[in-house]
Undergrad: 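Got a structure here, written out as structure tokens. Questions coming.
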Amino acid sequence: MRIIRTIPELRAAVSDARNDGASVGLVPTMGAFHEGHLSLMRRAREDNGLVVVSLFVNPTQFGANEDLGSYPRDEARDAAMAQAEGVDVLFAPDAAEIYPEGFATSIHVSGLTEVLDGASRGAHHFDGVATVVTKLFGIVRPDVAYFGQKDAQQVLVVRRLVRDLNLDVRIEACPIVREADGLAMSSRNVYLDAAARARATALNRALDAASALADAGERDAAVLIDAASRVLDEAGIRPDYLELRDNDDLHAVTRLDGEALLAVAACVGAARLIDNHILRSTDLKGGA
Ligand code: AMP
């Protein structure tokens, strides 16, 4: 595996592989790898001749009071893990390579970015995500890019910008990888002390409670959300949001009809965590 830090070197490595007929898969990450990241790398490895993993803690998607300074960083460990998955290139630029002096462009996806994490973290967050992802697509020019369903809103934002800007890349969303007790894996889980780690399982349990009700035929969003909310309450967790929204344009859903995204964010101890389930009305079960 090569570790590449500059855009010209990365472009040369990609065009060599492309000339040899390889398809190119990109896995964008901020590092601090766990099984969630590795699942994307494995998927990319199965599908492509060249696998590029980007490792860049993107400053523009963090707010002033967020954890940019303390975000876990361990490039040597990440490089060893990526190598073990058969990744070809770890693209680990510094901030000046991505945002040189005079950088002045921002990608804003309206609508989708104004709710859920966009409302809770501020518009800067998804502007930062959309801009860096667009840049990575321009730098790597992948055939396929792999994202985790853990960040469901991010998947929708990326799909929309790809469609709106006619970018020639396929977006693959991969399932959420969880710890044995259901907690969604996250680089931020390292912020949890033992007590917070135990309480954090309430996020997935809350989503499970709503999923079980949906499976039993409940369609009223308020009832589904209330069931999840009670589980969070019992764990002493007050969510930033707990909402049922359309899984395409994110409009608020009052009745489950087809499938919808139940998304939650909450601060638990020192970590801000997010999680989600796709709920499906029972008439869709057993179908495709
Ligand atoms: P991050 O390094 O947190 O920006 O994540 C990089 C990619 O890994 C994003 O597409 C995430 O959605 C994905 N990812 C993070 N956690 C998980 C998880 N538990 N399961 C699946 N994908 C994940």
Side-chain angles (χ1 to χ4, degrees), residues 25-47 51-63 66-68 70-75 77-79 81-82 85 87 90-93 95 98 112 116-117 121 125-137 140 142 144-162 169-192 197 200-201 203-204 207 247 261 263-265 268 271-278:
L26 170 67
V27 180
T29 82
M30 300 204 301
F33 293 158
H34 50 66
E35 278 294 323
H37 298 108
L38 302 188
S39 72
L40 305 186
M41 294 177 204
R42 280 174 207 142
R43 183 68 197 286
R45 183 69 286 166
E46 279 167 25
D47 296 352
V51 175
V52 178
V53 172
S54 60
L55 193 179
F56 182 61
V57 182
N58 176 35
T60 64
Q61 70 190 69
F62 287 79
E66 294 185 351
D67 56 344
L68 175 62
S70 57
Y71 197 82
R73 291 170 171 86
D74 188 344
E75 187 185 300
R77 173 181 170 276
D78 286 346
M81 292 170 82
E85 296 302 334
V87 168
L90 187 68
F91 178 50
I98 299 298
L112 285 178
L116 302 178
D117 255 26
R121 298 183 68 175
H125 171 63
F126 284 113
D127 290 356
V129 169
T131 304
V132 81
V133 167
T134 304
K135 281 178 67 73
L136 287 168
F137 289 171
V140 179
V144 197
Y146 298 83
F147 292 85
Q149 181 62 23
K150 156 96 183 331
D151 297 273
Q153 189 174 12
Q154 173 170 277
V155 170
L156 296 179
V157 168
V158 171
R159 284 195 195 284
R160 183 65 62 90
L161 81 84
V162 163
V169 55
R170 194 172 92 232
I171 303 303
E172 289 285 348
C174 303
I176 302 176
V177 179
R178 299 179 179 280
E179 302 284 357
D181 63 8
L183 176 67
M185 290 196 186
S186 164
S187 303
R188 292 190 167 96
N189 290 352
V190 298
Y191 301 152
L192 298 168
R197 173 66 185 78
T201 61
L203 267 62
N204 181 54
L207 299 171
N247 192 33
L261 176 72
V264 63
V268 183
R272 183 178 181 281
L273 304 177
I274 60 172
D275 200 351
N276 69 83
H277 281 196
I278 303 289

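Treat the numbers as computed from the prediction; the structure is a model and nothing was measured. Numbering of ligands and ligand atoms starts at 1, following listing order.
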Undergrad: I278 versus L261: any side-chain heavy-atom pair under 4.5 Å?
TA: yes
Undergrad: Atoms of ligand 1 less than 4.0 Å from G36 heavy atoms?
TA: 17 (C), 18 (C), 20 (N), 21 (C), 22 (N)
Undergrad: Residue-level breakdown please: for Q154 versus ligand 1, do any non-hydrogen atoms fall below 4.0 Å on the side chain, on the backbone, on both, or on neither?
TA: side chain
Undergrad: Please work out whether any backbone atom (N, CA, C, O) or any side-chain heavy atom from C-beta onward of M185 is under 4.0 Å from ligand 1, and answer side chain, backbone, both or neither.
TA: both
Undergrad: Can you list the atoms of ligand 1 that are under 4.0 Å from a heavy atom of I176?
TA: 20 (N), 21 (C)
Undergrad: Any heavy-atom pair between the side chains of R197 and D181 that's under 4.5 Å?
TA: yes
Undergrad: Give me the nearest non-hydrogen protein atom to atom 20 (N) of ligand 1 as residue plus atom name, then the distance to 0.1 Å.
TA: V177 N, 2.8 Å
Undergrad: Is any side-chain heavy atom of V158 closer than 4.5 Å to a side-chain heavy atom of F137?
TA: yes
Undergrad: Taking the side chain from D151 and the backbone from Q154, do they hold a donor-acceptor pair closer than 3.5 Å?
TA: no
Undergrad: Could you find the nearest protein heavy atom to atom 1 (P) of ligand 1 and give me its residue, atom name and distance?
TA: H37 NE2, 3.6 Å
Undergrad: Between R160 and V157, is any pair of side-chain heavy atoms under 4.5 Å apart?
TA: no
Undergrad: Using modelled atom types and a 3.5 Å cut-off, is there a donor and acceptor pairing between side-chain atoms of N189 and backbone atoms of A184?
TA: yes
Undergrad: Has the side chain of T131 got a donor or acceptor atom that lies under 3.5 Å from a matching backbone atom of G128?
TA: no
Undergrad: Considering both backbone and side-chain atoms of P28, is one of its nitrogen or oxygen atoms within less than 3.5 Å of a nitrogen or oxygen in ligand 1?
TA: no
Undergrad: Identify, by atom number and element, the atoms of ligand 1 in contact range of D151, meaning under 4.0 Å from any of its heavy atoms.
TA: 11 (C), 12 (O)
Undergrad: Can E85 and R43 be counted as an ion pair, charged N to O under 4.0 angstrom?
TA: no
Undergrad: Mind checking salt bridge (Lys or Arg N to Asp or Glu O under 4.0 Å) for D117 and listing every partner two or more places apart, or none if nothing turns up?
TA: R272
Undergrad: Look at atom 4 (O) of ligand 1 and say which protein heavy atom is nearest, naming residue and atom and giving the distance to 0.1 Å.
TA: M30 CG, 3.6 Å
Undergrad: Is it true that P175 lies under 4.0 Å from ligand 1, counting heavy atoms only?
TA: yes
Undergrad: Under a heavy-atom criterion of less than 4.0 Å, does H34 contact ligand 1?
TA: yes
Undergrad: Going by the order shown, which atoms of ligand 1 are within less than 4.0 Å of some heavy atom of F147?
TA: 10 (O)
Undergrad: Look at atom 10 (O) of ligand 1 and say which protein heavy atom is nearest, naming residue and atom and giving the distance to 0.1 Å.
TA: G148 N, 2.9 Å
Undergrad: At a non-hydrogen distance cut-off of under 4.0 Å, which region of L40 contacts ligand 1 (side chain, backbone, both, or neither)?
TA: side chain
